[in-house]
There are 2 protein chains.
Amino acid sequence: MVTIDLAARAALPADSENSSRALAVLRERLAVLHDGDGRLPPERDLAAELGISRRALRRALEVLEAEGLIWRQQGKGTFVGNRPSVAGDLARDLAGRTNPVEVFEVRLHVEPTLARHAALRATQHDIAHMRRLNERIRAADDDDSRELWDEALHRQIAQSARNALFLGVHEIVDEVRRDEAWRSLRVRARNDAARATYVAQHDAIIDAIAARDPAAAAAAMSTHIRTLSHNILPLAGTEVTLADV
Amino acid sequence: MVTIDLAARAALPADSENSSRALAVLRERLAVLHDGDGRLPPERDLAAELGISRRALRRALEVLEAEGLIWRQQGKGTFVGNRPSVAGDLARDLAGRTNPVEVFEVRLHVEPTLARHAALRATQHDIAHMRRLNERIRAADDDDSRELWDEALHRQIAQSARNALFLGVHEIVDEVRRDEAWRSLRVRARNDAARATYVAQHDAIIDAIAARDPAAAAAAMSTHIRTLSHNILPLAGTEVTLADV
DNA sequence: ATCGTAACCATTGGCGGATTGGTTCATACA
DNA sequence: TGTATGAACCAATCCGCCAATGGTTACGAT
C-alpha cells in the first residue's frame, strides 16, 4: 500500500470541493492504494492522508461504490472491485459433487431459457453492451481476457432476462465453472477456429435478441452451448452427446 | 436434555456388543436426547452416560449418520436430522431480491426439466418413494405435514434426475420458498379442492415418470406449476399469466 | 485381531477487545 | 440559514486466546 503524499495538501481549501478532489485522486490512484487483498486504508486513515474530512471522503467513496469500482462493508473495510458473490460457498460445495456432463446439461437448459427471456426484456442499452462485450472477446489476445469478457457477456444476457432468481442460478453455475480445472479445460479447447465459431455464435444470439425473436435466441444459445460441449467434453474424457431439449 | 439412567449399567459386559446396544438405545431415545437446537451431548459425555467406550459410541453414531438420522461436524457437535443446506445464505440473499412471479417463472422452467430427466433416470425405488410421499400428502391433516411431504416429493423428483448441479439449483429455489411469507401464501391458497387437484397432478407426474415418458412428465409438471401459480399469484396481488414455455 | 483408553490433532465456538464502516450530533463558518 | 467538519456513538466484523468437540492414532489388554 502506497501512502499518498500531497504536496499541495496545505493549499486545499476546506470547502465542498473536497469530495470532488478526493474523487479525482481516488479514481487515479485506486489501483495503487489497495493492498494485496484489494483493501483500501480505513476511512479515518485515508481521510487524514488526503487532508479532508471523513465525511467528504465518504461522499467520494459512495460515488465510487455506486459505479461498482469499490465495495464497502461495515466492520470489514473498503475494497476495490466487485463484491464477492454470496454464491461462493455453495458453488465450491457443488463443484465437488458435479461433473462436466452435468454442468453442460444444466447450461443447455438454463441458458437458452435466459436468452429467450432476454429477447423480450433486454433494453437497447443491454443489447449494445452485449455487442461491445463480444467485440472485446473477438479482439482479446490472451486467455484471461477471453474468459473475462465471455463471462461478462453471458452474465449480461442473464441480467437482461430480468429475473433475479434466474440470475442467482446463473451465478451458481458461473462460480462452479470458475474452478481452475474447468478453466483449464476451456483454454485447451480453444483454438483459432473454435474462437471464431464462438464469436459468430455470440453474434447470432445477440442478433436474435435484438430481433426480439425468443425462439431464435434460445435456438442460437442452444447451438452455442452444444458446440462448447462437443469441444470440451472429449477433453474431459467424456464422449457423451447431450440429449436434445 | 434428559440424562440416561441405565439401571443395568454395571451389568454391561465390555464386549463388541456395546456398539449394538448403543445403537438400539440411541434409535429409541434420539428424540429426547437432543436439546433445543437438535444437539446431542458431546461424545465423551454420552459415552460415559451409556457406560461404553467412546469408540463403541462412535461406531453407533457412524451408522446413524450413514442412515441420515444425525449429522456430525468436528468442532461443532452431533445433531439430529439433516445437515443444513449450504444454500441457506444464498437463498436468504435471493429471497430479498426476487418476487413470486420470478420464482414461478424459474420453477416453470426448471421443474419440468427435472421431471423429464427423472422419467429417464429414476429407479423403481425412487418411483415407489414418490408414490409413498404423495400418499402422505393426501393423508396429511395439517399444513405443516403437507408442506413437509410436498417439499420431499419435489426433492425426490429432483434427485431422481441424477444431476448434482440441477439438484443444487433446486435446493436454492426450495430455500427461497421456505421464507415465511411464501409459506403463508401457499397455506392460504390451499383449500379442499386445491389439495385434491395437487395430489392428482402429483399422481399424473409420477405416472408419466413410471411410464418413462419424458415429454408427458414435463407436461404434467408444467401443468402442476401453472396451477400453483394461478392459485397463489392472485393472493400475492399479482395477476400476471406466465408465458408459455 | 479387536476393543478400550488415553493422548494428540484439527476444527469450531465463545468471549473480549480492537477495528471499521454507518449514523448522529454539536459546533463553526460563510 | 445551510453546509462542512470533527467528535461521539452505534453496529458489524475481525482477531487472539482458550475451551469444546469431533477425528485419528497409539498402546496395552484380552
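The chains referred to below are lettered A, B, ... by the order of the sequence lines, with proteins before strands, and numbering in each begins at 1.
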In this structure, how many angstroms lie between the [atom2] atom of [N] and the [atom1] atom of [X], rounded?
| X | N | atom1 | atom2 | answer |
| --- | --- | --- | --- | --- |
| Arg72(A) | dA12(D) | CZ | P | 16 Å |
| Arg59(B) | dG22(D) | CZ | C1' | 16 Å |
| Phe79(B) | dG13(C) | CZ | C1' | 10 Å |
| Trp71(B) | dT12(C) | CH2 | P | 11 Å |
| Leu61(B) | dT24(D) | CG | P | 14 Å |
| Leu50(A) | dA4(D) | CG | C1' | 16 Å |
| Ile70(A) | dG22(C) | CD1 | C1' | 14 Å |
| Asp45(A) | dT20(C) | CG | P | 7 Å |

Closest to side chain of [X], choosing from [options]:
| X | options | value |
| --- | --- | --- |
| Arg39(B) | dC10(D), dT21(D), dG4(C) | dT21(D) |
| Ser53(B) | dG22(D), dT5(C), dT5(D) | dT5(C) |
| Gln74(A) | dG21(C), dG22(D), dT5(D) | dG21(C) |

Checklist entry - Considering only heavy atoms and no angle criterion, is a donor-acceptor pair shorter than 3.5 Å present between the side chain of Arg44(A) and the base of dG21(C)? => result yes
Checklist entry - With a 3.5 Å cut-off and just heavy-atom distances, do the side chain of Arg54(B) and the base of dG23(D) make a donor-acceptor pair? => result yes
Any side-chain N or O of [X] below 4.0 angstrom from OP1/OP2 of [N]?
| X | N | answer |
| --- | --- | --- |
| Lys76(A) | dC14(D) | yes |
| Thr78(A) | dT20(C) | no |
| Arg58(B) | dC3(C) | no |
| Gln73(A) | dA12(D) | no |

Item to check | Chi angles and distances behind the salt bridge (charged side-chain N to carboxylate O under 4.0 Å, His left out) call for Glu67(A), Arg27(A) | outcome: CA-CA 11 Å; Glu67(A) 291 176 9; Arg27(A) 283 192 198 285; 2.8 Å; yes
Checklist entry - Is Arg55(B) touching bases, backbone alone, or none of the nucleic acid, heavy atoms closer than 4.0 Å? => result base
Checklist entry - Checking side chain to side chain contact (heavy atoms under 4.5 Å, CB included) against Leu108(B), which of Ile225(B), Leu228(B), Val103(B) comes through? => result Ile225(B)
Next on the checklist: Please find the pair of heavy atoms, one from Glu102(A) and one from Leu165(B), that lie closest to each other, and give the distance.
Outcome noted: OE1-N, 3.8 Å
Item to check | Derivation of the salt bridge (charged side-chain N to carboxylate O under 4.0 Å, His left out) call for Arg72(A) and Glu43(A) | outcome: CA-CA 10 Å; Arg72(A) 302 187 286 167; Glu43(A) 288 180 0; 3.5 Å; yes
Checklist entry - Do Gln156(B) and Asp126(B) meet the criterion of a side-chain donor-acceptor pair at a distance under 3.5 Å? => result yes
